[in-house]
Amino acid sequence: MIMQHRILIVEDEEIIRLGLQDNFELENYEVETACDGEEAIAKTDSFQPHLILLDVMLPKKSGFEVCRFIRKKHPECIIIMLTAKTEETSKVAGLDMGADDYVTKPFSILELLARVKAFLRRIDLQKAPAKQLSSVDAIDFADIHMDFKKFVATKGGVPLELSTREFQILKYFWQRRGEVILREDLLQDLWGYTPDNMPSTRTIDNHIVNLRRKLEDDQANPKIILSIRGAGYKFDA
């Protein structure tokens, strides 16, 4: 039997919230909604969603506060942030707090549906890359130690605050160190997209910016995660 995925929509604008609810229920998802940050946290505990669509600007608790709380208590839950088109810093901050992806308003409902389906497909298929990644428990490079079982990382003995997604990216890079990794590789193997629904997104680049800020001694001259012009990235640790 195919699992009916549970989606929590957190949006204070009623028209948007109800419109999203209608569209996802038509796709046969089980949907709950919340209109403020406190309700979002309560619904996450009671409804146990597989995926949350989380607006940044919310009453009572911001989307950032909600994301941070949910990521610590429910690390397996997928979080897609909904941000205004001009809020570039919000996108980066959301990813830094553990969001898996973001979508800017106004957005195409078809693109949003495609992104949601891609993430949830990974839950159903348990793709080979995810199994392969689980074989590495801990790594050391430069002055950095990473424990993938405990989700603990340090740099020079000082704890690093990394999101679940950042741990996944670094594990992926480690197992392919020295190779050129395309953005499309990451979107397919970690995000679950397929070539026929590949999105136009800067999510990958923003994650790399965050990782360099945390790992590199000099972000302007990275030595660990290198950019390969016109292609993608290479892990050179």
Side-chain angles (χ1 to χ4, degrees), residues 2-12 17 20-21 24-25 27-83 90-103 112-113 115-127 129-131 133-134 137 146-153 159-172 190-193 203 206-207 210-211 214:
I2 298 175
M3 178 193 308
Q4 185 179 26
H5 292 116
R6 299 183 297 276
I7 296 177
L8 175 62
I9 298 168
V10 186
E11 170 61 64
D12 63 323
R17 185 174 67 251
L20 288 173
Q21 181 178 9
F24 281 98
E25 286 180 342
E27 295 291 325
N28 201 35
Y29 294 110
E30 186 177 351
V31 180
E32 285 279 356
T33 65
C35 59
D36 62 59
E38 291 183 356
E39 186 181 14
I41 290 173
K43 285 282 183 72
T44 300
D45 287 338
S46 61
F47 184 52
Q48 296 287 308
H50 298 103
L51 182 144
I52 300 175
L53 297 176
L54 179 61
D55 190 31
V56 170
M57 304 297 293
L58 293 171
K60 298 185 180 180
K61 288 185 182 294
S62 73
F64 296 138
E65 292 177 281
V66 174
C67 183
R68 185 188 293 276
F69 179 88
I70 291 173
R71 183 51 69 222
K72 289 181 178 179
K73 191 171 182 181
H74 305 278
E76 74 290 343
C77 185
I78 298 162
I79 302 174
I80 300 178
M81 303 289 287
L82 305 179
T83 70
S90 295
K91 300 168 190 174
V92 175
L95 295 175
D96 199 29
M97 291 183 184
D100 295 284
D101 204 350
Y102 65 84
V103 175
L112 181 58
L113 284 167
R115 293 198 191 192
V116 168
K117 287 177 181 178
F119 276 111
L120 295 177
R121 187 182 299 115
R122 285 183 54 78
I123 296 176
D124 294 333
L125 299 181
Q126 294 294 302
K127 293 175 61 176
K131 294 178 181 178
L133 293 179
S134 65
D137 292 336
M146 302 194 67
D147 187 320
F148 296 112
K149 294 187 72 175
K150 298 179 181 178
F151 288 93
V152 172
L160 289 172
E161 188 171 336
L162 300 180
S163 69
T164 304
R165 180 64 71 187
E166 287 169 340
F167 274 102
Q168 291 174 340
I169 292 171
L170 286 170
K171 187 185 289 187
Y172 187 91
L190 293 185
W191 270 258
Y193 291 108
T203 299
N206 284 330
H207 274 297
N210 278 342
L211 282 170
K214 297 172 183 179

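Numbering starts at 1 and runs along the sequence shown. Quick caveat: nothing in here was measured; it's all calculated off a predicted structure.
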Go through it in stages, so that I can follow the logic: the residues are L53 and L112, the test is side chain to side chain contact (heavy atoms under 4.5 Å, CB included), and I'd like the CA-CA distance, side-chain angles, deciding distance and then a yes or no. CA-CA 10 Å; L53 297 176; L112 181 58; 4.0 Å; yes

Give a yes or no on whether the backbone of L58 and the side-chain of D55 come within a donor-acceptor separation of less than 3.5 Å. no

The reported gap from CG in D101 to CG in L82 (rounded to nearest 0.5 angstrom) is 10.5 Å

With under 30° as parallel and over 60° as perpendicular, where do the rings of F151 and F167 fit, or are they tilted in between? perpendicular

Would you mind telling me which of V56, V10, I79, I52 makes a side chain to side chain contact (heavy atoms under 4.5 Å, CB included) with C67? I79

Do L51 and Y29 have side chains that approach each other closer than 4.5 Å (heavy atoms only, starting at C-beta)? no

For P59 and D12, the nearest pair of non-hydrogen atoms, with its separation, is CD-CB, 3.7 Å

Without swapping roles, check the side chain of E166 against the backbone of H207 for a donor-acceptor pair under 3.5 Å. no

With rounding to the nearest 0.5 Å, note down the distance linking CD1 in I80 to CG in D100. 7.5 Å

Point-to-point distance, once rounded to the nearest 0.5 Å, from CE of M146 to NZ of K171: 9.0 Å

Can you check side chain to side chain contact (heavy atoms under 4.5 Å, CB included) on T44 and L54, steps first, answer last? CA-CA 11 Å; T44 300; L54 179 61; over 6 Å; no

For L162 and K214, what are the C-alpha separation, side-chain angles and deciding distance, and is it a side chain to side chain contact (heavy atoms under 4.5 Å, CB included)? CA-CA 8 Å; L162 300 180; K214 297 172 183 179; 3.4 Å; yes

Gap separating the CD atom of E32 from the CD atom of Q21, nearest 0.5 angstrom: 8.0 Å

Charged N to carboxylate O below 4.0 Å: is that the case for D45 and K73? yes

May I have the step-by-step check of side chain to side chain contact (heavy atoms under 4.5 Å, CB included) for Q4 and N28, ending in yes or no? CA-CA 7 Å; Q4 185 179 26; N28 201 35; 3.8 Å; yes

Output yes when a side-chain donor or acceptor of R6 lies under 3.5 Å from a complementary backbone atom of Q48, and no otherwise. yes

Whether the side chain of R165 engages the backbone of L190 through a donor-acceptor N/O pair (distance < 3.5 Å, no angle test) should be reported. yes

Whether H50 and H5 hold their rings parallel, tilted or perpendicular, with breakpoints at 30° and 60°: perpendicular

d(R115 CZ, I78 CD1) to nearest 0.5 Å is 13.5 Å

Distance-minimising heavy-atom pair for E39 and A34: OE1-CA, 3.5 Å

Calculate, to the nearest 0.5 Å, the distance between atoms SG and NZ belonging to C35 and K43 respectively. 8.0 Å

